[in-house]
Protein chains: 2
Amino acid sequence: MPQELLQAETSGGHDLLDGVEPESAQKLAHAALDSFFEVGYGGTTTRHISQQAGMSTGSLYSSYRSKEELLFLLTQLGHQSALQVLVAASEQPGTASDRVRAMVYEFTIWHARNYRIARVCQYQLAALAPEHHAAIAKIRHEIERVLRAEVEVGVASGEFDVVDVKGFVLAALSLGIDVARWFSPTGRQTPEALAGSYAGLAMRMLGTV
Amino acid sequence: MPQELLQAETSGGHDLLDGVEPESAQKLAHAALDSFFEVGYGGTTTRHISQQAGMSTGSLYSSYRSKEELLFLLTQLGHQSALQVLVAASEQPGTASDRVRAMVYEFTIWHARNYRIARVCQYQLAALAPEHHAAIAKIRHEIERVLRAEVEVGVASGEFDVVDVKGFVLAALSLGIDVARWFSPTGRQTPEALAGSYAGLAMRMLGTV
DNA sequence: GTCTATAGGAAGATAGAC
DNA sequence: GTCTATCTTCCTATAGAC
């Protein structure tokens with residue numbers, strides 16, 4: 001069973017899975033991420049995960065109870081990391097505009113830089129066991145709550161001109177999340193340019209003065 | 001082998017799969033859609049599809065060559081239908097604003113009303129054979145081209161104030177597409193309200209005067 | 001903790017009868 | 001076109017040796 005330490009250093013060559021111990025569990029986690037990303041949870045076999053990790057089929061089960069537990073680990077690490085960058089952006093000094101802009105920017109850039117684990121996080125949730133799904137749903141609600149709270153600060157202060165706060169929050173998170181569907185580091189867009197574009201569009205949506 | 005007639009009557013109780021003939025092929029297509037939606041392409045078995053369609057396992061293969069061909073049929077019908085509503089909206093009279101607003105509205109509403117086939121279309125593409133994937137990519141490029149062309153009309157006429165046309169097109173399509181990830185008819189949002197919200201946000205992104 | 005071996009079943013696709 | 005039967009391969013998970 002791996003330690004679930006959150007090592008959310010997403011830039012500078014670090015990896016979201018660096019905190020998974022011991023090494024065999026980390027190798028399996030990497031192999032599982034590759035496979036879930038490529039062929040989905042249903043298309044992934046435990047044999048393939050084990051072999052990509054350089055182990056025998058049976059050895060997977062001394063690190064993890066099941067294929068589903070491996071999905072849960074990845075999904076949990078990804079969601080915790082995404083929430084963390086959003087919270088960090090919301091704690092910046094400045095105006096509500098500054099903070100919301102930073103939140104959209106960082107959320108988008110996270111989905112681009114971590115597009116592999118992000119894609120697994122966003123599109124394989126239905127394969128989780130009910131209790132694991134509920135745990136992830138809590139983090140997702142928190143992500144929504146953190147952004148909505150900051151938007152409401154800007155509405156109250158008159159910085160933003162929005163009637164439909166829920167609609168904006170939904171749209172802003174959707175923009176970031178959908179990046180995980182199509183992003184590729186071999187494409188023309190850099191994470192930074194993309195995040196800048198979306199942050200600017202979000203400011204327009206808010207009718208900033 | 002089913003006829004691939006496009007029956008894009010998406011409202012009024014009609015079904016995108018109505019044009020699939022004969023009836024056995026249509027039943028299999030419905031069952032495949034259900035299963036691809038629920039557990040993904042990799043998690044779907046031909047046995048399950050056949051049994052849900054009320055047939056034996058082997059009978060699937062007198063309508064379709066493979067599981068992948070069934071995915072291709074669904075993906076093709078969905079994409080053709082989505083393109084069709086976008087083209088219809090682009091042919092409306094009025095200003096470029098009217099047309100782009102209608103395009104975002106209709107594209108969003110399509111992904112909400114057809115959220116099951118839309119989810120399969122958007123998230124199972126990687127399972128397609130290369131030649132099938134290429135055929136779908138053509139339709140997707142056409143979808144992007146149609147919207148971009150109309151935005152450029154509005155930019156040229158001075159109706160829109162956008163520097164980054166590609167960024168806007170990407171964001172507007174993303175908003176619509178991402179609806180397929182989370183939409184449920186049992187949720188609080190109606191397709192109409194959602195589409196209206198996103199169409200309004202798109203107009204703000206365009207800096208309409 | 002890792003291995004080999006295996007249980008016990010299910011996978012995609014095909015063959016041949018009706 | 002649909003059925004039953006089957007080929008061959010593969011599946012998740014466990015058992016027991018080292």
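What you see is a predicted model, and the numbers here were worked out from it, not measured in a lab. The figures here come from the full heavy-atom set of this structure, side chains too, leaving out hydrogens, waters and symmetry mates. In the text below, chain A, chain B and the rest are named by the order of the sequence lines, each starting its count at 1.
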ask   = Are the side chain of A/S63 and the backbone of A/L60 linked by a donor-acceptor contact shorter than 3.5 Å?
value = no
query = For A/L17 and A/L77, what are the C-alpha separation, side-chain angles and deciding distance, and is it a side chain to side chain contact (heavy atoms under 4.5 Å, CB included)?
reply = CA-CA 8 Å; A/L17 271 43; A/L77 288 176; 4.1 Å; yes
request  = Please confirm whether the backbone N or O of A/A25 pairs with a side-chain atom of A/Y64, one donor and one acceptor, at under 3.5 Å?
outcome  = yes
Side-chain touch A/W110/A/L86, heavy atoms, less than 4.5 angstrom = no
inquiry  = Salt bridge check, A/R113 against A/E192: does any charged N sit closer than 4.0 Å to a carboxylate O?
reply    = yes
inquiry  = Expressed as a whole number of angstroms, how long is the span from A/E23:CD to C/dT2:P?
reply    = 10 Å
ask   = Between residues 38-60 of chain B and DNA chain C, which residues have a heavy-atom gap below 4.0 Å?
value = B/T44, B/T45, B/T46, B/R47, B/G58
request  = Would you please enumerate the stems DNA chain C participates in, each stem being three or more consecutive Watson-Crick or G-U wobble pairs with both distances under 3.5 Å?
outcome  = C:1-18 with D:1-18
key: Protein-nucleotide distance (B/E69, atom CD; C/dA13, atom C1'), rounded to Å   = 14 Å
message = I need the NZ-P distance between B/K67 and C/dT14, as an integer number of Å.
response = 14 Å
ask   = Is the number of heavy atoms from other residues, nucleotides or ligands under 6.0 Å of B/K27 NZ greater than 12?
value = no
ask   = Which whole-number value in Å describes the distance from B/L71 CG to C/dG12 P?
value = 13 Å
query = Of all residues at least two apart in sequence or in a different chain, which pass the ring pair (Phe, Tyr, Trp, His ring centres under 6.0 Å) check with A/H30?
reply = none
ask   = Checking ring pair (Phe, Tyr, Trp, His ring centres under 6.0 Å) against B/Y115, which of B/W182, B/F37, B/Y123 comes through?
value = B/F37
message = Side-chain N or O of B/Y61 versus OP1/OP2 of C/dA13: is the shortest distance under 4.0 Å?
response = yes
